[in-house]
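It should be emphasised that the depicted structure is a prediction, and the values quoted were computed from it without experimental measurement. Reminder, nothing fancy here: chain letters follow the sequence lines and each chain counts from 1.
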Protein chains: 2
Amino acid sequence: MKRNQNLNNSLMKNKFLKSIFVVTLGCALFVSCKPKDSTDAVEGDAAQKVYVAPGKYDEFYNFVSGGFSGQVSVYGLPSGRLLKVMPVFSEDPQSGYGYSEETKPMLNTSHGYVPWDDQHHLDLSQTNGEVDGRWIFANANNTPRIARIDLKTFRTAEIIELPNCAGNHSSPFITENTEYVVGASRFSVPPDNDNGDVPINTYKKNFKGYLSFVKIGKEGQLDLSFQIVAPGVNFDLSHPGKKESHGWFFFSCYNTEQANTLLEVNASKNDKDFIMAVNWKKAEEYIKAGKGKRIPAKYAHNTWDEKTQSAKSVIMNEVLTLDASELKDICYMIPCPKSPHGCDIDPTGEYIIGSGKLAALIPVFSFTKLKDAIAKKQFDGAYAGIPVVKYEAALYGEVQKPGLGPLHTEFDGKGNAYTTMFVSSEVVKWNIKDLKVLDRKATYYSPGHLMVPGGNTEKPFGKYMVVYNKITKDRFLPTGPELAQSAQLFDISGEKMKLLLDFPTIGEPHYAQGIPADKVRNNGQLKYYDIAANKHPFATKGEKESKVVREGNKVHIYMTCIRSHFAPDNIEGIRVGDEVYFHVTNLEQDWDVPHGFAIKGANNAELLIMPGETLTLKWVPEKKGIFPFYCTDFCSALHQEMQGYVRVSPAGSNVPITYSVGTNLPKE
Amino acid sequence: MKRNQNLNNSLMKNKFLKSIFVVTLGCALFVSCKPKDSTDAVEGDAAQKVYVAPGKYDEFYNFVSGGFSGQVSVYGLPSGRLLKVMPVFSEDPQSGYGYSEETKPMLNTSHGYVPWDDQHHLDLSQTNGEVDGRWIFANANNTPRIARIDLKTFRTAEIIELPNCAGNHSSPFITENTEYVVGASRFSVPPDNDNGDVPINTYKKNFKGYLSFVKIGKEGQLDLSFQIVAPGVNFDLSHPGKKESHGWFFFSCYNTEQANTLLEVNASKNDKDFIMAVNWKKAEEYIKAGKGKRIPAKYAHNTWDEKTQSAKSVIMNEVLTLDASELKDICYMIPCPKSPHGCDIDPTGEYIIGSGKLAALIPVFSFTKLKDAIAKKQFDGAYAGIPVVKYEAALYGEVQKPGLGPLHTEFDGKGNAYTTMFVSSEVVKWNIKDLKVLDRKATYYSPGHLMVPGGNTEKPFGKYMVVYNKITKDRFLPTGPELAQSAQLFDISGEKMKLLLDFPTIGEPHYAQGIPADKVRNNGQLKYYDIAANKHPFATKGEKESKVVREGNKVHIYMTCIRSHFAPDNIEGIRVGDEVYFHVTNLEQDWDVPHGFAIKGANNAELLIMPGETLTLKWVPEKKGIFPFYCTDFCSALHQEMQGYVRVSPAGSNVPITYSVGTNLPKE
């Protein structure tokens, strides 16, 4: 208790926090209380509405960020069933992602191999402002990166690191025709950080925020086009303009106090922080006009090649930058109360909603008014060299008394907005035009993001809404100190929101995306890899080509697998200390027939090899003896028989390399 | 097609397989066809039956093996919702299991650190033959191990490696009062394998199977009591006797042909293989009488200490063995058609069911008859020195025409058995007494294990049955080449089985366990760790005690976290190449308030620190500059502000160690 009091006292120094603290009776800011007047009542038909009968398909894919799991999970809606966890930024022992030689380069960075990240937000590719089912983009927060996942294969196809950045939080949001995906610093750091050594308390002088604009090619290729050098504040979230506001990007930022310690107090002082409006079309013009400055910056660009079925990592060495404080007409600050978190644009592109997590109202800005204010220079001075637009000049209006702790807003395409209230644990529906609150429903507990399929695009599919909560306790059967976090599915097809279902989630769900299932299903889904097109340098396309080749202390095993044996399955002549590479090709050409490969005692994960694919497991035997290997994925009635043996002889042994399947018959 | 034909031809050489192959029209052995006369029809009330309304709890915990994920997942029944994935044998970037200094020793083995395994079966602790909710045991197949998970914390408490073994498949089954947990070799290897170097084709002479009996202490402590040296066959599954047959253990085995290559053909030749009946009480007597032989054998024994919140790994050096071929009255072979897989004992302990995966019937053996046959020496010679009981002498009867490819059987406690049929993709209900088939239902596709809560104990809870399938295609929305596997929930409370729900699963579900929720919930579930009881050597129990200590090139950071800041949050004086240890203590004392810790660019996963817990992240900075760290688990409205900075200076720098929170104020 004493500790909590100390903390509370330090927070009490802040007047605003004090008022919120009193309102919430001293608990909600820390642990959400049960929402007032809350009931768990669900409509009588909720069970039928979420039930997807065996053999039937869900209506929507729901891609959910994995947060501190580093991965992206795929749920079906309305059932809430977890269909897949896609490995993106973290090692995945289950599939061998990050452990196989082919996939290791995907996790390379300018800091070397990084086995984990914190994955916060997702954005589906769009065509004409509508989700198109080609790719989904994911951000990494800790070691700043953006990934592109191919929805033909549900595999990570590309990862690009963002230099000069730390805490890439306001990412990976994309423009209406998938021209750019962005990132920005939540934690500002000094430019050329690798080469510097400055005291932390020189923050105000030395630390900068960087906004990254990554160009997306026709095939999805990522290219870090340019970075905008911005003040050293904490950029939090972002969204692109739409339709009329296409060409602009909007970033929320907090810590305009530029504190470098105890931010919970020191970054919560200003009554207003900012949404930064960025005219990226203007930035493009400056780049074309040669106003960009190339600076040294190391970052990794990792790509997966479907032909060779291998990743490669290239370290890039410089980046083109524009300085927002020098070029006065690309960035504008819009004052926004207080520590704005969500920054959401309505489907028409006209309304910009800033959710100040410590604010007691929600400001709605008008793009038309903003443009007008800029044209008329209705400024309130500048912040770090960037013009500050007058609050009232850009403001369309305010939603009054929406709840406590507004965080994020999505849209249903019918003129309504839905905002999560972290502190008062509720979701609030309000009308965008008249800013009136229409409905509010309790959530359990402390909702972060919410998601309507297409709800951040120009065409929302306003049937379901999912709210992703931060606290789960008492919602599901307990699982010790560590609990899953939870999602709640609402029916938003009527005037009032209806709670349908609670379902737990992997890692921590932050932002999510939803898309009608057919847009992904009918978009050239790959069922297996064409073995004829397999250009892996160590592919073995038929059992007769399987072999074992020694090159010094490296041994390459060209192995095939098909129900239900490996070839070869008896291998001798390996020595202690050899670098052994099992290059295993799955010869199957049918859907849902992966084979797995593992060998006893390996300091490595397994390989999970899809039909037509080749993967490589590196093994350095440190002991002599007989080592069994086997198929780890039940593949047929004779799966248990799908095994083999490797004999490891002492270093320096003269046992020759031999290999076979079916011919090394037993001696009696 | 040509490749498949070649394979088919090789299989055709085997007469039995040919007959099955013809029966199944050439497809089911490889890819399951849609079951005949199958419908997806579910009863009208299925939706209501599986719906667990928001705020309500599931009725049963369903612990499901993760297969090639290496972990154990926890589902709720009847909802099929995934409540938690428990890290056991594989690294888990999400929680830092295997990455934090405290947890690394849990994955140590005699082969060094192993980041992955293949987790097949689970067994709940029992008291008087009934599940009691204290612990659940899990096996590792690839690098043979058994884990104990504590159901107070849902954490892996202990892992013991099994020496002399490979492919620990018929594990971790336990006796009716949790006296022993067993393991055995699916892949026989030579004894003293570490020191040997023999050709693979000396299999018949040199390879042996080992059965491990691991004693379980009152607090759950594992102790490898003894191993039985058995013939070099492939032990597949096992179950303990019950009631009258308590004191015996039954292990199925295949590859009695002792083939070492192309087992799909060469291990499928014999019309009957065996169930090996082991009289472990007799084995105990021999051990007591000093008949055991101590042999050198290296294996790891890893234990988690709740007080120090750290794991330690001890390498053991010898094991006590009994030779089954020398001691003639501890092991008996019961012939069993054909390549038996499942080996299941009914709740009364009288009936032993062997499921020959290539057999067209299911033999049911009688324990009474078996004892009688042994007493009367009704033997058919011996196999590798072990008496073979006459088939008819032990046989109670056969279930005729049950389906194709019987694998596993569970019980409802009402006199009925339920067997999965891999090849014909169905589950079949039959009466144990009269051996008549009562009902059959199609499953999708290729069912492996099935589970009734308590269904392998003396007290099944025969309300639900879950069948875990190997093939998923077309059951859920597609996710590219890699698909989740699926579970199907049936209502078995009536005469006919009713399909209720399909739900996808993590990794590959093999065996599972179920238990009424209250038996776990009300059994002392831990909500957080008592900070006062935290004996971690680097625990920091109050913010004032936080500090940074340099010892040569090692830097220990004693850090605390509480909503919403770290102490210290500004750290200077670290040098490139230092070994930095962040020992982070979560000071919270409330449920569901973990904090996460991550630092930019670390070649490590995050820490996910439960309230009252201390965890350590090792970091070796390779670059100078400013490195932000932050809380990765959204913990309060000011979570985004929960961050700090570390300054890394060049190697040899004179910047002194300094650390603070809230006082290193910015210079203007």
Side-chain angles (χ1 to χ4, degrees), chain A residues 29 40 47-48 51 54-55 57 68-69 84 90 93-94 111 116 118 142 153-154 166 187 189 193-194 197 200-201 203-204 261-264 267 405 470 473 477-481 502 525 564 570 591-592 596 598 600-601 605 610 623-626 628 632 634 637-638 641 645 649 662 664 666, chain B residues 29 40 47-48 51 54-55 57 68-69 84 90 93-94 111 116 118 142 153-154 166 187 189 193-194 197 200-201 203-204 261-264 405 470 473 477-481 483 502 525 564 570 591-592 596 598 600-601 605 610 623-626 628 632 634 637-638 641 645 649 662 664 666:
Chain A
L29 198 60
D40 278 328
Q48 289 296 344
Y51 184 65
Y57 285 170
F68 49 72
S69 84
K84 188 177 173 65
S90 294
Q94 170 172 331
H111 302 269
W116 170 87
D118 183 16
N142 187 50
T153 58
F154 282 64
F187 310 126
V189 286
N193 194 19
D194 293 0
D197 179 24
I200 299 167
N201 67 3
Y203 185 105
K204 289 190 180 182
T261 181
L262 200 59
L263 267 66
E264 65 170 320
K470 300 302 181 188
K473 63 175 170 189
L477 285 176
T479 55
D502 276 26
Q525 277 275 299
S564 292
N570 278 206
W591 199 19
D592 202 11
K600 185 188 170 186
M610 296 300 124
K623 292 182 182 193
K624 57 189 174 162
I626 298 288
T632 57
F634 212 103
L638 292 166
E641 283 74 3
Y645 285 110
S649 298
N664 187 32
Chain B
L29 197 58
D40 278 328
Q48 290 294 344
Y51 184 66
Y57 285 170
F68 49 73
S69 85
K84 186 176 174 67
S90 295
Q94 172 172 329
H111 302 270
W116 170 87
D118 183 16
N142 186 51
T153 57
F154 282 63
F187 310 127
V189 287
N193 192 20
D194 292 2
D197 180 25
I200 299 166
N201 67 5
Y203 185 104
K204 289 190 180 182
T261 180
L262 199 60
L263 266 66
E264 66 171 318
K470 300 301 181 186
K473 63 176 173 187
L477 285 176
T479 55
L483 304 172
D502 277 24
Q525 277 276 301
S564 295
N570 278 206
W591 199 20
D592 202 10
K600 183 186 172 188
M610 296 300 123
K623 291 183 183 191
K624 57 187 175 163
I626 298 288
T632 58
F634 212 104
L638 292 166
E641 283 74 3
Y645 285 109
S649 298
N664 187 32

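- Contact tally against chain B (heavy-atom pairs below 4.5 Å) for A:Gln94, A:Lys84, A:Met610: the top residue is A:Gln94.
- Closest non-hydrogen pair, B:Asn142 versus A:Gly601, comes out as ND2-N, 4.2 Å.
- Annotation: the span from B:Lys473 atom NZ to A:Trp591 atom CH2 amounts to 8.0 Å, rounded to 0.5 Å.
- What you find for B:Glu264 and A:Ser564 is that their closest heavy atoms are OE1-N, 3.2 Å.
- Per-residue counts of heavy-atom pairs under 4.5 Å with chain B were compared for A:Ser90, A:Gly596, A:Ser649; the largest is that of A:Ser649.
- Looking at A:Lys623, the atoms closer than 4.5 Å to chain B (heavy atoms on both sides) all sit in the side chain, from C-beta outward.
- No other option in A:Gln48, A:His111, A:Lys470 has as many heavy-atom pairs under 4.5 Å with chain B as A:His111.
- With rounding to the nearest 0.5 Å, the separation of CG in B:Asn570 from OH in A:Tyr203 is 11.0 Å.
- Nearest heavy-atom pair, B:Gln525 versus A:Pro478, reported as atom, atom and distance to 0.1 Å: OE1-CB, 3.5 Å.
- Minimum heavy-atom separation, B:Pro93 to A:Trp116: O-CD1, 3.2 Å.
- Considering every non-hydrogen atom in both A:Pro628 and B:Val189, the closest pair reads CG-CG1, 3.8 Å.
- Comparing B:Asp118, B:Thr479, B:Leu263, B:Leu483 by heavy-atom pairs within less than 4.5 Å of chain A, the highest count is held by B:Thr479.
- Not one N or O on the side chain of A:Asn201 forms a donor-acceptor pair closer than 3.5 Å with the backbone of B:Asn664.
- In terms of heavy atoms, B:Glu641 sits closest to A:Ala267 at CG-CB, 4.3 Å.
- Using a cutoff of 4.0 Å between basic side-chain nitrogens and carboxylate oxygens, A:Lys624 and B:Asp197 are not scored as salt-bridged.
- Contacts with chain A were tallied for B:Leu477, B:Asp502, B:Thr632; B:Leu477 has the most, counting heavy-atom pairs under 4.5 Å.
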